[in-house]
Peer 1: 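Below is a structure I'd like to ask you about.
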Amino acid sequence: YEPVELSCFSGKTTILISHGKVLLSPLPLVAPIEVRGAYTPIHFYWPPEEKYPFEASAKYGDIRWRLPGEIQINEENNLTTARVFAELQDRPRVFLSTTYSDIQVEADPPR
């Protein structure tokens, strides 16, 4: 039930949360990020000028991609999924998942 706010990190990160809010603002990544939430809004600030394989799913929620790049979004049976930069197999992966809430991805604000 507590919010999770992480900034200026780049290593392997795994977050499992329920009924909290997640705000992530990483540096350029050197390892994967995984967030799995329930009743948890996720806000991800993308590292500037970086590309990583990205996958997100929101059951009974929306995914808002506020970055350039051709994102593939699929909506079926109250599940929204999104993928972008899937061809980048040699880069750290970003996976975000939540139920009953939304995921927002946008450019990292200036520090």
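Heavy atoms only: backbone and side chains are in, while hydrogens, waters and symmetry mates are out. Positions are given from 1 along the sequence.
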Peer 1: Between atom NZ of K12 and atom CD1 of I33, what is the distance when rounded to the nearest 0.5 Å?
Peer 2: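 Spacing of NZ (K12) from CD1 (I33) equals 12.0 Å.
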
Peer 1: Excluding sequence neighbours, so at least two apart, what forms side chain to side chain contact (heavy atoms under 4.5 Å, CB included) with P3?
Peer 2: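 Applying side chain to side chain contact (heavy atoms under 4.5 Å, CB included) to P3 gives K21.
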
Peer 1: Is there a side-chain hydrogen bond (donor to acceptor under 3.5 Å, both in side chains) between Q104 and E106? Walk through the geometry before answering.
Peer 2: CA-CA 7 Å; Q104 182 163 315; E106 64 183 287; 2.6 Å; yes

Peer 1: Testing the basics here: between G20 and P41, what is the closest heavy-atom pair and its distance to 0.1 Å?
Peer 2: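 Distance-wise, the nearest heavy atoms are O-CD, 3.4 Å.
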
Peer 1: Are I71 and V94 joined in one hydrophobic group, where the rule is that I, L, V, M, F, W and Y side chains link up if heavy atoms are under 4.5 Å apart?
Peer 2: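 I71 clusters together with V94.
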
Peer 1: Does the T40 side chain pair with the main chain of A38, one donor and one acceptor, at a distance under 3.5 Å?
Peer 2: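 Flag set: sc T40 to bb A38 pair under 3.5 Å.
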
Peer 1: Could you go through residues 46-68 and list every donor-acceptor pair under 3.5 Å that involves a side-chain atom there, pairing it with any protein atom two or more places apart or in another chain?
Peer 2:
residue, atom, partner, partner atom, Å
W46, NE1, E50, O, 2.8
E50, OE1, Y52, OH, 3.3
E50, OE1, R91, NH2, 2.8
Y52, OH, L29, N, 2.7
E55, OE1, R93, NH2, 3.1
E55, OE2, R83, NH2, 3.3
S57, OG, S97, OG, 3.1
K59, NZ, N77, O, 3.3
R64, NH1, D102, OD2, 3.2
R64, NH2, D102, OD2, 3.1
W65, NE1, L67, O, 2.9

Peer 1: Once you round to the nearest 0.5 Å, how far does CG of L16 lie from OG1 of T14?
Peer 2: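 Answer for the CG-OG1 pair, L16 versus T14, is 7.0 Å.
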
Peer 1: How many angstroms lie between atom CD1 of I42 and atom CD1 of I103, to the nearest 0.5 angstrom?
Peer 2: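 I42 CD1 to I103 CD1: 4.5 Å, rounded to 0.5 Å.
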
Peer 1: What pairs with S10 under side chain to side chain contact (heavy atoms under 4.5 Å, CB included), at least two apart in sequence or on another chain?
Peer 2: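 Here the qualifying residues are L27, V30.
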
Peer 1: Regarding Q89 and E87, do their side chains bring together a donor and an acceptor under 3.5 Å, going by distance alone?
Peer 2: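 Looking only at side-chain atoms, E87 and Q89 do not form any donor-acceptor pair under 3.5 Å.
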
Peer 1: Among residues at least two apart in sequence or on other chains, which ones pass side chain to side chain contact (heavy atoms under 4.5 Å, CB included) with V4?
Peer 2: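 Testing V4 for side chain to side chain contact (heavy atoms under 4.5 Å, CB included), a comparison that skips the adjacent residues, returns L6, I15, I17, V22.
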
Peer 1: With heavy-atom distances below 4.5 Å as the criterion, would you say the side chains of F9 and L24 are in contact?
Peer 2: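 When only atoms from C-beta onward are counted, L24 and F9 do touch, with a gap below 4.5 Å.
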
Peer 1: Can you find a pair of side-chain heavy atoms, one from P26 and one from F44, that are under 4.5 Å apart?
Peer 2: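 Contact flag for P26/F44 side chains = yes.
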
Peer 1: Considering only residues two or more places apart or on different chains, which pairs with a residue in residues 34-48 satisfy salt bridge (Lys or Arg N to Asp or Glu O under 4.0 Å)?
Peer 2: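 Found E34-R36.
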
Peer 1: I need the E75 CD to T80 OG1 distance, nearest 0.5 Å.
Peer 2: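 So the CD of E75 and the OG1 of T80 are separated by 4.0 Å.
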
Peer 1: List for me each residue that meets ring pair (Phe, Tyr, Trp, His ring centres under 6.0 Å) alongside Y45, sequence neighbours excluded, and say none if there are none.
Peer 2: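 Residues passing ring pair (Phe, Tyr, Trp, His ring centres under 6.0 Å) with Y45: H43.
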
